[in-house]
Amino acid sequence: MKKIFTTIFVITFALSATFAQTKTVTTENKPYFTSGGEWIFSTGTLQNNNNVLRFSPVINLQTLLNFDKSESFGWFTGVNIRNVGFIFDESASVRKKVRNYNLGIPLGIKLGHMDDRFFFAGYEFEIAMNYRERTFVDEVRTERFSVWFSDRVNTVQHAVFIGYTLPRGTSIKAKYYLTSFFNQGFTASDGDGGTFQPYAGLDANIFYVSLNFALFKKWELVALED
């Protein structure tokens, strides 16, 4: 599984580097690719727990295929890899840090000036690929593990988002996950021959605000000389 994730990352990075060149040759009203990074500030919606803001600048890679139908309307889809999670306190001395690496497919619309500033909104279907959990007791890490396609979380995630483009190719986005993060029915061994459900009652949905860089900036292709 690690080889699969590494391959996806290398392909996405290579595509971004290949198309980031010098001369635009895209044709008006034809589909075009854009790509960019994302800085995520996320939190969970747990009740009766102290939720802590989480900052995740890496690895968040977004590649979009844009369809601009007019100067003021367009739509897009694509493939994204995203590091999303949250931090919460189980008690005054125990803190949990959890996250998924998700593979996402968005479907959204754009309204405004396609070459300048516009609103965008949509839905994203995501698959949780890699789950990591870390436990800290009195600020000292006591446990850490990472699992591919873990049953500890809901593998299929549904989310909605809305955003606005800013100057110099940046944009701001708010996103809410409709699907609960944890699989509350997950059963684990207690080490003494019995079982328990570590996430029972942890009904947590993720909400985040992010800064996106060059997300809708057209790739520039090198024109072939005769």
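This structure is a prediction, so every number in the text was calculated from the model and none was measured.
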Tell me which donor-acceptor pairs under 3.5 Å the side chains of residues 196-206 have, and how far apart each pair is, sequence neighbours excluded?
| from | atom 1 | to | atom 2 | distance (Å) |
| --- | --- | --- | --- | --- |
| Gln197 | NE2 | Gly185 | O | 3.3 |
| Tyr199 | OH | Glu133 | OE1 | 2.5 |
| Tyr199 | OH | Arg152 | NH1 | 2.8 |
| Asp203 | OD1 | Ser180 | OG | 3.2 |
| Asn205 | ND2 | Tyr177 | O | 3.0 |
| Asn205 | ND2 | Leu178 | O | 3.2 |

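The main-chain N or O of Phe118 is found under 3.5 Å from a side-chain atom of Thr165 such that the two form a donor-acceptor pair. Formation of a donor-acceptor pair under 3.5 Å by the Thr43 side chain with backbone atoms of Leu53 is not found in this model. Although no hydrogens or angles enter the test, the distance criterion places a donor-acceptor pair under 3.5 Å between the side chain of Thr34 and the main chain of Leu215. Checked by atom type and distance alone, the side chain of Gln157 pairs as donor or acceptor with a backbone atom of Asn154 at under 3.5 Å. Side chain of Asp190 to backbone of Asp192: a donor-acceptor contact under 3.5 angstrom is found. Listed for the Ser70 side chain is a donor-acceptor partner under 3.5 Å among the backbone atoms of Ser72. Remark: side-chain polar atoms of Ser56 are paired, donor with acceptor, to backbone N or O of Asn83 under 3.5 angstrom. Side-chain atoms of Asn51 come within 3.5 Å of backbone atoms of Leu46 as a donor-acceptor pair (strictly under, hydrogens ignored).
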Assess whether side-chain contact (heavy atoms from CB on, under 4.5 Å) is satisfied between Lys173 and Ile162, documenting all intermediate values.
CA-CA 6 Å; Lys173 179 174 69 180; Ile162 187 170; over 6 Å; no
If you apply the rule side-chain contact (heavy atoms from CB on, under 4.5 Å), what do you find for Ile172 with Val209, and how did you get there?
CA-CA 7 Å; Ile172 187 169; Val209 175; 4.1 Å; yes
Using the rule given for side-chain contact (heavy atoms from CB on, under 4.5 Å), can you reason through Arg99 versus Asn130, listing the C-alpha separation, both sets of side-chain angles and the distance that settles it, and then say yes or no?
CA-CA 8 Å; Arg99 69 102 174 103; Asn130 180 268; 2.8 Å; yes
Would you sort out whether Asp68 and Lys110 count as a side-chain contact (heavy atoms from CB on, under 4.5 Å), showing the intermediate values?
CA-CA 8 Å; Asp68 292 350; Lys110 303 184 290 184; 2.9 Å; yes
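Between Tyr123 and His158, the angle of the ring planes stays under 30°, which puts this pair in the parallel group of the 30/60° scheme. Below 30°, between 30° and 60°, or above 60°: for Trp39 and Phe213 the angle between ring planes is above 60°, a perpendicular geometry.
With sequence neighbours excluded, the residues satisfying ring-ring contact (aromatic ring centres under 6.0 Å, His included) with Phe120 are Phe216.
A donor atom on one side chain and an acceptor atom on the other are not found under 3.5 Å apart for Lys218 and Asn66. Counted by atom type alone, Glu124 and Asn80 present one or more donor-acceptor pairs between their side chains at under 3.5 Å.
Between the CZ atom in Phe181 and the CZ atom in Phe88 there is a gap of 9.0 Å [rounded to 0.5 Å]. To the nearest 0.5 Å, the span separating CG on Leu103 from CD1 on Ile81 amounts to 6.5 Å. Between the CE atom of Met114 and the CD atom of Glu71 there is a distance of 10.0 Å, given to the nearest 0.5 Å.
Side-chain rings of Phe76 and Phe67 stay apart, their centers remaining 6.0 Å or farther from each other.
Smallest separation of non-hydrogen atoms from Ser210 and Glu38: OG-OE2, 2.8 Å.
Judged by the 6.0 Å and 45° rule, Lys175 forms no cation-pi pair with Tyr208.
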